[in-house]
Amino acid sequence: MAKNTIKGNAIPKHIAIIMDGNGRWAKARLRPRSYGHKKGVDRMIGLMEHAFDLGVDYITVYALSTENLRRPQKELDGLFELIRTRFLDCMRKVCARGARLRIIGERALLPADVQEILAQSEDETKHFTGKGINVALAYGSRAEIVRAANLAVEKGETLTEERLSELLYTGGQPDPDLIIRTGKEVRLSNFLLWQAAYAELYFSDKMFPEFSDSDLDEAIAYFSSKTRRYGKTDEQIEKGE
Ligand code: IPE
Ligand code: IPE
Ligand code: MG
């Protein structure tokens, strides 16, 4: 769907993307999985730029789950090498639009030099406010919730929904309005389970490296066609109650 068919007021503030299908995309082209991941990084940057152009404020991408750390070491080494060689440049390029970068996940599980690169990228963008990019690495939503709960326990606090939200890695940010998953699977795979409570979910059969800017437009058009009732009736929503 063309960009100009999307109503300005219907642009999601926060889009989260489960970037799945890199390996299958490469395999179908008789290329190694690492080639799929490389193409996936290029597409990730393109989609982030396109989303910011459309007026999206926050973008969260699922790049590596805690469970993915059980993949063969060779594949993991390839992914870490991509971070070493591409991450700083890529993030400088997109964050130049005024976006603050946050790495969400259990970063201590990543190699020490990779952790340093991530910290440096975050540091370079820490003065930006209003727009944000979250890159989920060694991320698991259940672990994130348990971590937040334990932070409250350590402080002797009683949790409320608002306080738990604040203690998550995404604390202070709006919840995702739209969660997109590429790669044909219809599941969340331990991604933003708490934050997804009222997100619209969009599943694409396309593998991530082939998910184009116009595919993102289509996902946003789907989002804008939905009425978000938050438990109320259509009549209440029409009256603005
Ligand atoms: C998603 O693509 C990226 C990561 C999990 C790192 P996959 O690597 O899961 O690709 P498929 O699902 O095997 O095609
Ligand atoms: C989800 O994809 C994680 C990322 C995209 C980083 P997976 O390929 O790991 O998901 P499952 O294992 O098929 O659920
Ligand atoms: Mg997969």
Side-chain angles (χ1 to χ4, degrees), residues 14-48 51 58-87 90-91 94 101-111 114-115 117-118 121 132-145 147 168-170 176 178-196 199-212 215-216 219:
H14 184 169
I15 294 182
I17 309 179
I18 302 172
M19 309 185 293
D20 195 23
N22 293 347
R24 280 166 286 160
W25 180 85
K27 193 175 172 192
R29 283 155 187 79
L30 308 177
R31 303 292 294 262
R33 294 178 62 84
S34 58
Y35 179 68
H37 293 316
K38 200 162 158 261
K39 287 290 172 188
V41 172
D42 294 340
R43 196 75 288 270
M44 177 185 85
I45 299 307
L47 286 171
M48 286 174 170
Y58 289 89
I59 304 162
T60 300
V61 289
Y62 204 5
L64 190 74
S65 71
T66 331
E67 292 75 21
N68 289 150
L69 292 170
R70 296 194 295 241
R71 287 195 181 184
Q73 194 56 45
K74 189 169 159 248
E75 176 161 353
L76 292 175
D77 287 344
L79 288 166
F80 298 144
E81 201 51 29
L82 266 181
I83 298 178
R84 289 185 186 104
T85 53
R86 305 273 322 270
F87 197 79
C90 287
M91 286 303 140
V94 249
L101 172 71
R102 283 194 184 82
I103 306 301
I104 62 171
E106 190 46 57
R107 65 179 81 194
L109 299 174
L110 301 171
V114 168
Q115 288 182 48
I117 291 168
L118 301 176
S121 319
I133 290 177
N134 301 316
V135 178
L137 283 165
Y139 175 86
S141 182
R142 287 184 169 183
E144 178 188 33
I145 294 167
R147 173 183 170 276
L168 297 175
Y169 293 120
T170 50
L178 170 65
I179 298 182
I180 298 169
R181 180 175 187 141
T182 61
K184 271 191 176 162
E185 308 297 358
V186 182
R187 57 179 174 246
L188 290 175
S189 302
N190 203 12
F191 186 52
L192 302 180
L193 301 179
W194 175 274
Q195 297 90 330
E200 302 295 336
L201 307 180
Y202 185 87
F203 297 93
S204 168
D205 283 352
K206 292 224 179 151
M207 299 296 129
F208 186 68
E210 62 194 3
F211 190 79
S212 65
D215 290 324
L216 180 63

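Counting starts at 1 for both ligands and their atoms, in listed order. We use all heavy atoms of the structure for the numbers below, so side chains are in, but hydrogens, waters and symmetry mates are not. Position 1 is the first residue of the sequence; numbering continues from there.
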M19, portion touching ligand 1 at heavy-atom distance under 4.0 Å:
backbone
Quick one, M48 with M91, criterion side-chain contact (heavy atoms from CB on, under 4.5 Å). Give me CA distance, side-chain angles, the key distance, then yes/no.
CA-CA 10 Å; M48 286 174 170; M91 286 303 140; 4.2 Å; yes
Sub-4.5 Å side-chain heavy-atom contact between V135 and R102
no
Would you check if N134 and H14 make a side-chain contact, meaning some heavy-atom pair closer than 4.5 Å?
yes
Please work out whether any backbone atom (N, CA, C, O) or any side-chain heavy atom from C-beta onward of R71 is under 4.0 Å from ligand 2, and answer side chain, backbone, both or neither.
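Only the side chain of R71 comes within reach of ligand 2.
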Tell me which N, O or S atom of D20 sits nearest to the Mg ion (ligand 3).
OD1
Using a 3.5 Å cut-off on N or O atoms only, is S65 in polar contact with ligand 2?
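Not met; the criterion fails.
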Number the atoms of ligand 2 from 1 as they appear, then name those within less than 4.0 Å of a heavy atom of [X], with their elements.
X    : value
L64  : 6 (C)
R187 : 11 (P), 13 (O), 14 (O)
D20  : 2 (O), 8 (O)
I18  : 5 (C)

Can you pull out the closest protein heavy atom to atom 13 (O) of ligand 1? Residue, atom name and distance to 0.1 Å, please.
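Protein heavy atom with the smallest distance to atom 13 (O) of ligand 1: R33 NH2, 2.9 Å.
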Please indicate whether any nitrogen or oxygen in N68 is less than 3.5 Å from any nitrogen or oxygen in ligand 1.
no
For the pair D42 and R86, find out whether any cationic side-chain nitrogen is under 4.0 Å from an anionic carboxylate oxygen.
yes
Hey, are E144 and R147 close enough for a salt bridge, meaning a charged N less than 4.0 Å from a carboxylate O?
no
How far apart are the closest heavy atoms of R84 and P111, and which atoms are they?
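Residues R84 and P111, closest heavy atoms: NH2-CB, 4.0 Å.
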Please report the shortest heavy-atom distance between P209 and G40, naming the atom on each side.
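That closest heavy-atom pairing would be CG-N, 4.4 Å.
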When you measure from atom 6 (C) of ligand 1 to each heavy atom in A63, S34, S189, G23, which option holds the nearest one?
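Of the listed residues, A63 has the closest heavy atom.
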Give the single entry among K184, R24, M207 that approaches atom 11 (P) of ligand 1 most closely by any heavy atom.
R24
